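So that we are looking at the same thing, I have put the structure below in structure tokens.
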Number of protein chains: 2
Amino acid sequence: MTEMGRRERKKAATRQALADAALRLFADRGYDEVGVREIADAADVSVTTLFKHFPDGKEALVFDQDVDREAALVAAVRERPAGQSVPEALHRMFQGEHSRRVHADPRFDDFLRLIDTTPALREYARRMWLRHEHALAAAIAEDAGLPDDDPGCRALAHFALEAPVLVRGTGDPDAALDRIFDLLANGWTGERVG
Amino acid sequence: MTEMGRRERKKAATRQALADAALRLFADRGYDEVGVREIADAADVSVTTLFKHFPDGKEALVFDQDVDREAALVAAVRERPAGQSVPEALHRMFQGEHSRRVHADPRFDDFLRLIDTTPALREYARRMWLRHEHALAAAIAEDAGLPDDDPGCRALAHFALEAPVLVRGTGDPDAALDRIFDLLANGWTGERVG
DNA sequence: TTAAAAAGCGTAACAGCTCAACTTTCTGAG
DNA sequence: CTCAGAAAGTTGAGCTGTTACGCTTTTTAA
């Protein structure tokens with residue numbers, strides 16, 4: 001099952017070559033300074049082929065991984081320890097994720113810098129990330145015994161997913177994350193936390 | 001001061017002609033089925049002129065109004081009655097806004113349908129709307145005696161502004177709005193409201 | 001009166017993306 | 001083993017949004 005024939009191996013190789021070439025060129029000269037024609041050339045394929053592999057367009061070339069995040073989100077809600085609230089569970093999941101990932105792969109640094117400096121990529125990343133909203137909302141709703149499309153659950157899922165996006169670029173991301181989840185857990189107090 | 005010379009009057013007229021032509025064509029045949037060249041033709045203007053009037057591109061042709069919303073937001077926070085919380089104030093402001101606007105202008109209906117059916121326009125509308133985040137966050141921060149860029153205030157501003165976007169497309173927008181602001185005011189309870 | 005500012009024009013081009021028609025390569029069922 | 005067909009790839013043309021360039025015309029203001 002898991003082993004793939006020559007065909008799929010070649011396909012994966014081409015895809016990888018495209019993603020690698022793109023990331024290298026982007027990191028070198030900036031996202032907007034590199035055209036898709038050039039990327040296709042660098043990977044020695046035609047432009048049409050490039051778009052067969054990445055139908056979502058130029059931006060998708062940068063996001064080659066990003067699997068199983070949805071499962072992790074749902075699991076964080078479903079399998080949280082007893083007595084822990086849903087916001088707490090998500091808060092914990094997001095804490096320190098950044099530094100953990102940077103530590104795992106050195107290239108991940110270029111990747112983040114690239115995204116942070118390119119508005120189009122920031123937007124795209126956000127959209128990809130928010131795709132999990134529905135699944136997360138459903139998990140929360142099931143947990144709370146509410147209908148699948150309950151607006152409150154959808155809102156909590158949405159806001160929680162936006163938290164990591166919001167804290168990026170602030171002076172102290174960890175503190176900012178704490179403030180946001182405090183808001184989601186306890187509501188707006190209007191008073192300084194002390 | 002308020003009276004403008006022939007020059008500015010003509011400019012405004014051209015701009016209006018473009019916006020009108022665009023809205024009509026879009027409503028007729030759908031956003032993606034109408035090209036910018038055709039719109040320019042319909043307004044009897046060259047394509048370059050069109051882009052001089054709407055430098056933000058095709059999407060901007062649809063959003064011709066939308067002034068003073070920012071001032072209204074800030075005022076809602078600053079001039080709210082004593083004893084009313086910030087979330088309450090914003091909640092009140094958003095309540096019934098939809099029906100009020102539809103009542104004011106019959107064409108507003110087409111406008112909304114168009115936006116709801118076109119992903120590119122939805123995205124653009126959201127971005128325009130969220131531009132006020134900074135101003136709103138500053139107003140909230142000032143009110144609470146916190147620094148301008150306090151993450152909690154920014155988060156509240158962001159979430160509040162997203163509320164109207166989130167409730168669109170739900171079965172009962174008014175109820176959904178209530179739920180969202182209940183979350184922002186009191187935090188996540190995990191229990192049915194009853 | 002006149003010079004600069006601003007609106008507009010047409011052409012040409014670029015970038016992202018798609019389409020159509022065709023070739024090559026692999027797969028799998030008979 | 002073979003052969004039909006699916007899937008990857010190619011080429012090339014073309015569409016759409018958008019911008020740059022160089023030019024003419026109108027309006028303004030000194």
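Being a predicted model, the structure only gives us computed values, none of them experimental. Naming convention: chains lettered A, B, ... in sequence-line order (proteins, then strands); numbering from 1 in each chain.
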Does any non-hydrogen side-chain atom of Arg122(B) lie less than 4.5 Å from one of Ile115(B)?
yes
Spacing between Tyr31(A) atom OH and dG16(C) atom P, to the nearest angstrom
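After rounding, the reported distance stands at 7 Å.
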Mind checking salt bridge (Lys or Arg N to Asp or Glu O under 4.0 Å) for Glu38(B) and listing every partner two or more places apart, or none if nothing turns up?
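Applying salt bridge (Lys or Arg N to Asp or Glu O under 4.0 Å) to Glu38(B) gives Arg29(B).
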Taking CD from Glu8(B) and P from dA7(C), how many angstroms apart are they, rounded to a whole number?
8 Å
Contact under 4.0 Å: Thr14(A) side-chain N or O vs dA8(D) OP1/OP2
no
Determine, for Asp182(B) against Arg179(B), whether the closest basic-nitrogen to carboxylate-oxygen distance falls under 4.0 angstrom.
no
Report the distance from atom CG of Leu61(B) to atom P of dG17(D), rounded to the nearest whole Å.
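Between P of dG17(D) and CG of Leu61(B): 10 Å.
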Under 3.5 Å donor-acceptor, Arg80(A) side chain and Val77(A) backbone
yes
Overall bend of the helix from dT1(C)-dA30(D) to dG30(C)-dC1(D) (five pairs an end, 10° steps) is 20°
Here the ring-ring contact (aromatic ring centres under 6.0 Å, His included) pairs for residues 155-179 of chain A, sequence neighbours left out, are Phe159(A)-Phe159(B)
Under 30°, 30 to 60°, or over 60°: which ring-plane class applies to Trp129(B) and His132(B), parallel, tilted or perpendicular?
perpendicular
Nearest nucleotide by nearest heavy atom, which residue falls closer to the 5' end of DNA chain D, Lys10(B) or Asp32(B)?
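Its nearest nucleotide lies further toward 5', so the answer is Asp32(B).
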Round to a whole Å and report the spacing from NZ of Lys11(A) to P of dT10(D).
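Rounding to the nearest Å, NZ of Lys11(A) and P of dT10(D) are 14 Å apart.
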Any residue in residues 16-28 of chain A with a heavy atom nearer than 4.0 angstrom to DNA chain C? Just list them by number, or reply none.
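Under 4.0 Å from DNA chain C: no residue of residues 16-28 of chain A.
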Quick check on His53(B): does its NE2 atom have over 12 non-hydrogen neighbours (other residues, nucleotides or ligands) under 6.0 Å away?
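Yes, because the 6.0 Å sphere around NE2 of His53(B) holds more than 12 heavy atoms from other groups.
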Check residues 55-62 of chain B and write down every donor-acceptor pair under 3.5 Å in which the side-chain atom is one partner and the other belongs to a residue at least two apart or another chain.
{"from": "Lys58(B)", "atom 1": "NZ", "to": "Tyr31(B)", "atom 2": "O", "distance (Å)": "3.1"}
{"from": "Lys58(B)", "atom 1": "NZ", "to": "Val34(B)", "atom 2": "O", "distance (Å)": "3.0"}

How many Å lie between CD on Glu59(B) and C1' on dT16(D), as a whole number?
13 Å
For DNA chain D, which residues in residues 38-56 of chain B have a heavy atom at a distance below 4.0 Å?
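Within this stretch, Val47(B), Thr48(B), Phe51(B) sit under 4.0 Å of the strand.
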In terms of side-chain geometry, is the basic nitrogen of Glu70(B) or Arg131(B) positioned less than 4.0 Å from the acidic oxygen of its partner?
no
Kindly indicate whether the side chain of Leu23(B), heavy atoms from C-beta on, has any atom under 4.5 Å from the side chain of Leu114(B).
yes
Donor/acceptor link under 3.5 angstrom from Arg37(B) side chain onto base of dT18(D)
yes
Atom CG of residue position Asp105(B) - does it have more than 12 heavy atoms of other residues, nucleotides or ligands inside 6.0 Å?
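Atom CG in Asp105(B) is crowded, with more than 12 foreign heavy atoms closer than 6.0 Å.
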